[in-house]
Amino acid sequence: QVQLVESGGGSVQAEGSLRLSCAVSRNGNTIYYMGWFRQAPGKEREGVAVIRSGGQSRYYADSVKGRFTISQDSTFVTMFLQMNRLKPEDTAMYYCAARVSPLGSSRVLVESEYNYWGQGTQVTVSS
């Protein structure tokens, strides 16, 4: 079973930056996609950024393009989300997720397509 542990959340003022990390334990599984999703109070969980294992392709929600960057370390055991120019509307619980089978690119930001989830880390942006 894949295990995911997020860290790096916190509180920041608007226009500030945060870097989220997700430590990955594959336990023998092949991961095809990993991503960051978020859920604000009273809203559904939404896809933020996804990376194909190996970093060949990256996908972003329109709301974060140009501000957020998803990456992996060289050993593919840690995934990152660099968040710059944060806005109050970025306030949410951020979750790391992994998928262990192939997926069409049109579905990579759909949360129901992911098999494994971390416990989440809170990001709060004040104006």
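You'll find the ring centres of Y33 and Y114 outside the 6.0 Å limit.
Every residue meeting the side chain to side chain contact (heavy atoms under 4.5 Å, CB included) condition with Q3, not counting sequence neighbours, appears here in chain and number order: S25, N27. In this structure, the side-chain hydrogen bond (donor to acceptor under 3.5 Å, both in side chains) partners of R67, at least two apart in sequence or on a different chain, are D90.
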**OP:** Apply the test side chain to side chain contact (heavy atoms under 4.5 Å, CB included) to residues W117 and C96: give CA-CA distance (whole Å), side-chain angles for both, the deciding distance (0.1 Å), then the verdict.
**Re:** CA-CA 6 Å; W117 294 86; C96 172; over 6 Å; no
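In this structure a side-chain-to-backbone donor-acceptor pair under 3.5 Å is missing from E6 to T121. With hydrogens and angles disregarded, no donor-acceptor distance shorter than 3.5 Å links the side chain of R38 to the backbone of Y95. Between the side chain of R45 and the backbone N or O of S112 there is no donor-acceptor pair closer than 3.5 Å.
With hydrogens and angles left out, the side-chain atoms of R99 and S101 include a donor and acceptor closer than 3.5 Å.
To the nearest 0.5 angstrom, S11 atom OG is 7.5 Å from Q122 atom CD. Taking NZ from K43 and CE from M93, the interatomic distance works out to 15.5 Å, rounded to the nearest 0.5 Å. One finds the CG atom of N29 at 9.0 Å from the CG atom of N115 (value rounded to the nearest 0.5 Å).
Between F37 and G47, the closest heavy-atom pair is CD2-CA, 3.3 Å. In terms of heavy atoms, P88 sits closest to S127 at CG-CB, 3.9 Å. When all heavy atoms of S53 and R26 are compared, the closest pair comes out as OG-NH2, 4.3 Å. The heavy-atom pair separating A40 from A92 by the smallest distance is N-CB, 3.8 Å.
Within the 4.5 Å cutoff, no side-chain heavy atoms of R85 are placed close to those of S17. Contact of the E111 side chain with the E46 side chain is not registered, since no non-hydrogen atoms from C-beta on lie closer than 4.5 Å. Taking the side chain as every heavy atom from C-beta outward, T91 and E89 never approach each other to under 4.5 Å.
Within the hydrophobic cluster formed by Ile, Leu, Val, Met, Phe, Trp and Tyr side chains joined at under 4.5 Å, directly or through other members, V24 is accompanied by V2, L4, V12, L18, L20, I31, M34, W36, V48, I51, Y60, V64, F68, I70, M79, L81, M83, L86, Y94, V100, Y116, V123, V125.
Around CD of E44, the count of heavy atoms belonging to other residues, nucleotides or ligands within 6.0 Å does not exceed 12.
Seen from the ring of F80, R19 counts as a face-on cation partner, given the 6.0 Å and 45° thresholds.
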